[in-house]
J.: 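I'd like to ask you about the structure that follows.
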Amino acid sequence: MENFLGRQLWSIYEDLKRGNRIGFLTDDEFQKYFLGFISYKYLSEKLETYINNELKAENLNFEEAYNLKAFKKSLREKSIEDIGYFLSPNLLYRNIVSSKNYGNIIIEELDKAFTEISDSSVGRESQEDFQNLFEGVDLYASQLGKTIEDKNRVVFNILDALGPVNFDLDKESRNNTLLSKSILENRKYNKDYSSSRKNERRIRSRRMNNIKADFKDLNSLVDEKMEYNRMKSNYALEADRLDHELDEYSLNRDIHKKDEIYEKYIDDLIGNSFEYLLSEFSLNSSNSSDYYTPNEVSTLIAKLISSQKSKLESVYDPCCGSASLLLEINKELPCDFICGQELNASFYNIARENMILHNIHYKDFDIKQGDTLEQPQHLDYTFDAVVSQIPFNSRWTADRSFLDDVRFMQYNILPPHSKADYAFIQHMLYHLNEDGIMIVVAPHGVLFRAASEGKIRRMIVERFNYLDAVIGLPANMFYSTNNPACMMIFRKNRDYYDDVLFIDASKGFDRTKLINYLQEEDISKIARTYRNREEIERYSHRASLDEIKRNDFNLNIPRYVDTYVGEEKEIDFDNLVSRHKFLTEEIEKVTKEIEDAYKELNIEKELFR
C-alpha cells in the first residue's frame, strides 16, 4: 500500500524545515516535537470522535455535554476506562490552535493538554501507557526561541501546519470490550495461560478473520486513489472521495463488515504513516537510526514467524526501540498482547506513540522503560514469540551476581563485559515459552567469538539444542552500521532436532544511495527456504549437530554454505583455433593498409614505432 499520508506528513516536515519555521531545533530535536504533536492531534481527535459517538442518542456533542453537570464526570470516567485518557474540550487540538486568534499563549495551553492526558491516567490501568507520554517535548526549551513569543510562534507553526491532515476517525467503532493487562497474571513462568484467554481471543480473532478475506482485494482499490490524493496541495486525506468506491465494493456486504474493513484500512493508514516518518528520520539522522529496525528486516522476521506459527498469543522485544518490529509482527499475525522494554526515554515515548497511532488499545500492550539486563520488567512472563535487533557493540556490567540470576544461572558462565550480545540472547531464551519461536538480529561475531561466548554458544547448541537456523544478511542494511548482521532462530521444542539450517542470504538485495535492502522476492526465498528447510546449492545447508561439533561449534556461515564460484570454464579448442586464425588474418590486413598509407605519405615507419 502506497503510504501517501506518510509522504504528506514528510512533506510538511520538510516544508517547515525549509521555511526556517522551527527556531533553533536540530533535526533530532525537531523529530521529537513533530512526532509528539502528531500524536497529540490524533489523541485529541480520537477522544472527540469517541465521545461524540457516545452522545449521539442524546443529540449532544462533546462541548455541549461537558458543560452539563449530569454528563461532565461520567464523560471523563467512561473515556478513561474505554480509551485510557481524557482531555477537556478547551484543550482539544482544534481549540488550542484557534485560541491563538484570541491572544492565548499556545505553549501554555498545550502544556495543560499534555499534563491532562498524563494525569488523567494516573492510578488507572492505562497509567504506564500515557503518563509522561510527552515528556520529551519541552515547550519552553531555549531551542524554540529566546522569548515566549518566539517559542509560541514556532509551536504554532508546527501545529498549524498539521491542521489539514485528516485522520478520518469518524467511522470508528472502537469502544469494544478489549483485552486486559490483567492477563499477565496468567502468564507466570512455566504456566499455560492459553485457556484463560480463549473467550477474549475469540472476540478479536473472529473480527480479524472477517477482515482478512476482504482487505486484500480492498488494497488494490485503495491504491488507485492514493496517487490522486498525494497530489492534493493541502496534504489532506480526502477519505470522502474514497467513500464512493468503498460503498460500491461493499454493496453486497454486511454494513458491519464494511465498517470493520474501513477501520482496518484507517488503522493501517495512520500507523503506516507514522512508520514512514520513522523510516525517513532513520535515513536522514544518525541518532534516529538507533531505534528503528528497517522495514524489510521486520517483514522478514514476521514472515519467518508466520511460517511456523498460525497465531500468537503474545510477543516480546527486550530492546524495542520505536516498537516497529513488534507492530510489523502484529500485522502479520495479530497478537493478543504486545510487550517490550526500551532503555532510552525518548525512544520509549516514541514506542508508546507508535502503539497509540496503530490503534493498539492500552490494555493490549505493555511497553516499559529501563535497562533490560540490569532491570528486567517482565521477568515472570514467557511469550510465544521473542524478537529483537539487539544493540550492536553494547556493553553490560557482567557482575558476578548475575550467576544467581534465573536468566543466567543454568549456564554457570557470563558473557564478557565488553560484549553484551549473549547476555541479551540468554535473557530472551529465558522469556521464550516451550512452544515459542525466538529470532534475534545480531552482529556476525556471535557466530564465532570464543572464550565465554563460545562456551555459552556450545551449551545452547549441544546441551539445550535450541538453535534452529542461522541466516546471513547483506552488509550495509542497517542505519547504524555498515557491517553485515545475521539472524539466529531458536526454538525449545524443535521439529528438526538433529540439524541446524544455515542460509547465506548476503547476496540477495537491491541498493539505494544509502543502504542495501531486501526485495520482496529475497524475503520470500528466505522464508520459503526456512519453512521447507530446503538445501539449495550455494545458498542453504542443513548441518548435522555432528558437523557443527567437528567445527568446534563455530557457526560462521561459510563453514557450512560454500558460495565460492570457481573461475574454471570448459574451453572450446576448435572455436579458439578458428578465432585465432581470424584475428591473425585481420591483423595482417590492417597492417598492410597502414603500410600502404605510410608509402603514400612518404612516412618512415620507424618514426611510429
Side-chain angles (χ1 to χ4, degrees), residues 84 125-129 131 178-201 204-205 301-302 305 308-309 311-321 323 325-330 333-343 348 351-352 354-355 360-390 396 402 404-411 422-440 460 464 466 489-493:
E125 197 173 351
S126 59
Q127 177 172 337
E128 289 188 348
D129 300 321
Q131 189 175 29
L178 290 164
L179 308 171
S180 172
K181 273 185 187 172
S182 62
I183 62 168
L184 274 177
E185 296 307 312
N186 296 318
R187 298 181 177 200
K188 296 295 183 181
Y189 189 67
N190 283 335
K191 287 189 177 181
D192 179 9
Y193 54 80
S194 297
S195 60
S196 69
R197 300 216 48 195
K198 186 175 181 179
N199 292 330
E200 295 99 326
R201 186 169 65 252
R204 175 170 287 188
S205 64
I301 292 174
I305 292 174
Q308 304 296 311
K309 308 283 266 184
K311 59 182 179 179
L312 289 179
E313 295 282 346
S314 56
V315 62
Y316 167 65
D317 184 343
C319 314
C320 68
L325 174 54
L326 289 169
L327 288 162
E328 188 63 36
I329 292 169
N330 187 59
L333 284 174
C335 308
D336 290 343
F337 203 72
I338 302 172
C339 290
Q341 186 166 341
E342 172 55 40
L343 174 62
Y348 162 67
R352 292 191 294 169
N354 206 2
M355 288 286 168
I360 306 297
H361 195 273
Y362 74 87
K363 294 182 180 181
D364 290 345
F365 75 89
D366 185 48
I367 306 295
K368 306 278 193 184
Q369 188 196 357
D371 187 319
T372 295
L373 298 178
E374 304 287 340
Q375 300 170 320
Q377 300 292 307
H378 300 94
L379 200 57
D380 293 332
Y381 316 124
T382 61
F383 302 90
D384 286 350
V386 180
V387 298
S388 195
Q389 177 190 327
I390 60 177
W396 74 310
F402 279 112
D404 297 322
D405 189 302
V406 290
R407 297 169 293 169
F408 308 102
M409 61 192 312
Q410 60 183 328
Y411 301 89
Y422 268 97
F424 282 111
I425 290 173
Q426 290 169 290
H427 169 90
M428 293 169 70
L429 283 169
Y430 171 81
H431 283 288
L432 182 65
N433 69 27
E434 292 301 314
D435 295 315
I437 181 170
M438 169 179 149
I439 303 180
V440 59
I460 292 173
F464 301 125
Y466 288 162
I489 305 177
F490 300 89
R491 302 195 70 174
K492 291 185 175 179
N493 287 327

J.: Please give me the minimum heavy-atom distance between C339 and L326, naming the atom from each residue.
T.: O-CD1, 3.5 Å
J.: Can you tell me how the ring of F464 sits relative to the ring of Y466, calling it parallel under 30°, perpendicular over 60° and tilted otherwise?
T.: parallel
J.: To check you understand the geometry: which heavy-atom pair defines the closest contact between P318 and V387, and what is its length?
T.: CD-O, 3.5 Å
J.: Measure the spacing between CG of L325 and SG of C319 and express it to the nearest 0.5 Å.
T.: 10.5 Å
J.: Quick one: does any side-chain atom of Q341 pair with a main-chain N or O of G370 as donor and acceptor, under 3.5 Å?
T.: yes
J.: Identify the two heavy atoms, one from H431 and one from V386, that lie closest to each other, and give their separation to 0.1 Å.
T.: O-CG2, 3.8 Å
J.: Quick one: CG on D317 to CD1 on I390, what's the gap to the nearest 0.5 Å?
T.: 10.5 Å
J.: If you round to the nearest 0.5 Å, how far is CZ of F490 from CG of L429?
T.: 5.5 Å
J.: How close do A423 and F408 get, counting heavy atoms only, and between which atoms?
T.: O-CE2, 3.6 Å
J.: Identify the two heavy atoms, one from S126 and one from G84, that lie closest to each other, and give their separation to 0.1 Å.
T.: OG-O, 2.6 Å
J.: Where do N330 and C335 come nearest, in terms of heavy atoms and distance?
T.: OD1-N, 2.8 Å
J.: Quick one, T372 and L343 - any side-chain contact, counting heavy atoms below 4.5 Å?
T.: no
J.: Please evaluate residues E328 and I301 with respect to the criterion side-chain contact (heavy atoms from CB on, under 4.5 Å), reporting the C-alpha separation (whole Å), side-chain torsions for both, the decisive distance (0.1 Å), and the verdict.
T.: CA-CA 9 Å; E328 188 63 36; I301 292 174; over 6 Å; no
J.: Not counting sequence neighbours, which residues clear side-chain hydrogen bond (donor to acceptor under 3.5 Å, both in side chains) with Y422? List them please.
T.: none
J.: If you define the side chain from C-beta out and look only at heavy atoms, does anything of E128 sit under 4.5 Å from D366?
T.: yes
J.: CG of L327 to CE of M355: how many Å apart, nearest 0.5 Å?
T.: 4.0 Å
J.: For Q377, give me all partners under side-chain hydrogen bond (donor to acceptor under 3.5 Å, both in side chains), at least two apart in sequence or on another chain.
T.: none
J.: CG/L379 to CZ/R407 distance, rounded to the nearest 0.5 angstrom?
T.: 6.0 Å
J.: Taking E434's backbone N and O only, do any of them form a donor-acceptor pair with N493's side chain (distance below 3.5 Å, no angle check)?
T.: yes
J.: Assert yes or no for the condition that the ring centre distance of Y411 to F402 is strictly below 6.0 Å.
T.: no
J.: Give the ring-plane orientation class for F383 versus H378, where under 30° counts as parallel, over 60° as perpendicular and anything between as tilted.
T.: perpendicular
J.: Mind checking whether H427 and Y316 have parallel, tilted or perpendicular rings, split at 30° and 60°?
T.: tilted
J.: Just verifying a value: how many Å separate R491 CZ and K309 NZ, rounded to the nearest 0.5 Å?
T.: 6.0 Å
J.: Check whether any side-chain heavy atom of D384 lies under 4.5 Å from a side-chain heavy atom of V315, and answer yes or no.
T.: no
